[in-house]
There are 2 protein chains.
Amino acid sequence: MNETGKYKMNRKVPEPTLKRLPGYLYYLDKVKEQGIINISAPMIGKDLKCDPTQVVKDLAVTGIKGKPRVGYNTYELIHALEDYLGFNRTNEAFIVGAGNLGSALMAYQEHQSLGLKIIAAFDVDEKKIGTHVGRIHILEYNKLFSLSNRLDVKIGILTTPNSVAQDVAEDLVNCGIKAIWNFTSAILHLPDDIIVQSTSMSSYAAVLLRRLNDSEK
Amino acid sequence: MNETGKYKMNRKVPEPTLKRLPGYLYYLDKVKEQGIINISAPMIGKDLKCDPTQVVKDLAVTGIKGKPRVGYNTYELIHALEDYLGFNRTNEAFIVGAGNLGSALMAYQEHQSLGLKIIAAFDVDEKKIGTHVGRIHILEYNKLFSLSNRLDVKIGILTTPNSVAQDVAEDLVNCGIKAIWNFTSAILHLPDDIIVQSTSMSSYAAVLLRRLNDSEK
DNA sequence: TAGATTGTTAATCGATTAACAATC
DNA sequence: TAGATTGTTAATCGATTAACAATC
């Protein structure tokens, strides 16, 4: 069968590749600012400390074509990456749990460059309800249901205490959320078609601390 | 040659394994609370949605022994994991950059269960210097050098703007820091013996957004 | 004892790296 | 043209999964 569609294929793009793509984007923005029009994979590889062949393979998933002996057009490459990752669209999200981490994510400016737009936050804490972080209002948790009825938000960011994570996740799914960015330690049991991306601080701490202890022998 | 030392070996433990270990720990704490004394790998695998063989292999890195037909002693297993990961020690850290993300990490209670103790924060913003988040004081950036002379802190948490990340990282290394937890998007170029753990929010966003778009076909 | 589970060794799977032909 | 770089196909490497013997 022939390859169709905007992007190269439907063969699932490996997660390690996807995780590397924003790194290229960040790097290319700096390259662009320096006025470099064409950039080659070996050059990118050198600056980013990774294999040039891998750079070629990674960039290929966006469908962009490079020119032998020249490299890739910086602008085209940036555009292709942003388009492929969805960073140039507006991806609306709800956030549940307006504690320390939740508030930080609300205030975190960089989300905007990812096209992530947090349109409302929810919490059960009376003291937080009615307040806001930046332009994002913190609403009563129960409002989640009525608000999701009127809007078509697909992404939910979960920054609640671990103990209520599963219940809240289920509520989010019932509200039509298709993807959950889970910052809790809870393992979520949800329908298979729901995309769950877990970002566990403790996983990173584990690697860091263990490697540190290894190095101290 | 014979295997020596407290832990099973010096064959490098795979990063995916290390990343999974805190998940077991979180799960086992809940199991312990339920009064379950012995827990088997197939049981853990079922609850955590992963392969039981993988559970066995993962847990083996801590050096703990299970009993056929019985499983592992819950308490011993928790202790072995905490010990292996260094979560039951006090791992002192500096944090540089007291913006939104930095402040959130300072306030984030869960770090304590990882044995991570942020003992001071540094920033160049006059308005922040002298204030504190929780019990952590925000000091003038230049104090980093004198303070690191008196203390023996090995971990630096980097939550500065991207533009100064490399410079600050170099300063940290000059101050005797051995491991850097990098929350910026910058690629750090540091001596090979320095452990760098990069936690990039945009990598997670990339995977989430791309998978979401894939699922919408 | 019988049988479930550990723990090790082998097979598979997937990602990275290498090789090389195509091309500008 | 000559040569650097892309892009594809093959080889390697490493992690996951399967198979099975040991054991309680």
Side-chain angles (χ1 to χ4, degrees), chain A residues 2-3 7-21 23-24 28 31 36-74 76-77 80-81 84 203 206-207 210-211, chain B residues 2-3 7-21 23-24 28 31 36-74 76-77 80-81 84 203 206-207 210-211:
Chain A
N2 222 325
E3 303 277 5
Y7 301 119
K8 210 172 169 196
M9 25 90 206
N10 279 332
R11 276 171 243 139
K12 196 157 148 266
V13 174
E15 183 155 326
T17 295
L18 288 178
K19 284 196 172 177
R20 282 190 296 268
L21 295 184
Y24 296 121
L28 290 167
V31 165
I36 297 168
I37 294 167
N38 288 296
I39 184 91
S40 71
M43 190 67 189
I44 298 173
K46 199 168 69 87
D47 288 343
L48 262 53
K49 292 191 278 193
C50 63
D51 192 277
T53 311
Q54 187 168 70
V55 175
V56 171
K57 264 208 165 169
D58 283 348
L59 299 181
V61 304
T62 66
I64 198 102
K65 300 281 173 195
K67 284 198 186 70
R69 220 182 121 73
V70 177
Y72 303 86
N73 176 280
T74 311
E76 273 179 24
L77 194 47
L81 280 166
Y84 181 76
S203 288
V207 178
R210 189 60 233 162
R211 297 279 184 240
Chain B
N2 220 325
E3 303 278 4
Y7 300 119
K8 212 174 168 196
M9 24 89 205
N10 279 333
R11 276 171 244 139
K12 196 157 148 267
V13 174
E15 183 157 325
T17 296
L18 288 178
K19 284 197 171 176
R20 282 190 295 267
L21 295 183
Y24 296 122
L28 290 166
V31 164
I36 298 168
I37 293 167
N38 289 296
I39 185 92
S40 72
M43 190 66 190
I44 297 174
K46 199 167 70 88
D47 288 344
L48 262 54
K49 293 190 278 192
C50 62
D51 191 279
T53 311
Q54 187 168 68
V55 175
V56 171
K57 266 210 165 168
D58 284 348
L59 298 180
V61 303
T62 66
I64 197 101
K65 299 281 173 195
K67 284 198 187 73
R69 222 183 118 72
V70 177
Y72 303 86
N73 177 281
T74 310
E76 274 178 24
L77 194 47
L81 279 166
Y84 181 78
S203 287
V207 178
R210 189 60 233 162
R211 297 277 184 243

R69(A) atom CZ is separated from dG7(D) atom P, nearest whole Å, by 16 Å
Rounded to whole Å, the CG-C1' distance (D58(A) to dA15(C)) equals 10 Å
Any side-chain N or O of Y72(A) less than 4.0 Å from the OP1 or OP2 oxygen of dC24(C)? no
note: K67(B), atom NZ; dA22(D), atom C1'; distance rounded to Å ~ 16 Å
I44(B) CD1 to dT5(C) P, in whole Å, measures 12 Å
Considering only heavy side-chain atoms of P68(A), the closest of dT16(D), dA4(C), dT6(D) is dT6(D)
Assert: residue with more 5' nearest nucleotide on DNA chain C, out of K57(A) and I39(B), is I39(B)
Any strand, both distances under 3.5 Å, Watson-Crick or G-U wobble: dA11(D) pairs with dT16(C)
Other residues, nucleotides, ligands: >12 heavy atoms within 6.0 Å of I36(B) CD1: yes
Distance col, row L18(B):CG vs R210(A):CZ, nearest 0.5 angstrom, shows 8.0 Å
From CG of N38(B) across to C1' of dT6(C) the rounded distance in Å is 13 Å
| Would you say a side-chain N or O of R20(B) is under 4.0 Å from OP1 or OP2 of dA15(D)? | no
Closest to the side chain of T53(A), out of dT5(C), dA19(C), dT5(D), is dA19(C)
D51(A) CG to dT12(D) P, in whole Å, measures 16 Å
Checking N1-N3 plus N6-O4 or O6-N4 for Watson-Crick, or N1-O2 and O6-N3 for wobble, each under 3.5 Å, the partner of dT23(D) is dA4(C)
Open item on the list: Looking at T74(A) and I37(A), would you say the former's side chain and the latter's main chain have a donor-acceptor pair under 3.5 Å?
Closed with: yes
inquiry  = Heavy atoms only, 4.0 Å cut-off, all strands: where does P42(A) land among base, sugar-phosphate and nothing?
reply    = sugar-phosphate
Between NZ of K12(A) and C1' of dA15(C) the distance, given in whole Å, is 12 Å
In this structure, CD1 of I64(A) is separated from CG of L59(A) (nearest 0.5 Å) by 8.5 Å
Testing dT6(C), dA15(C), dG7(D) for proximity to the side chain of P14(A), the answer is dA15(C)
Heavy-atom nearest pair, Y24(A) first then C50(A), reads OH-SG, 4.3 Å
Rounded to whole Å, CD of Q54(B) lies from C1' of dT12(C) at a distance of 14 Å
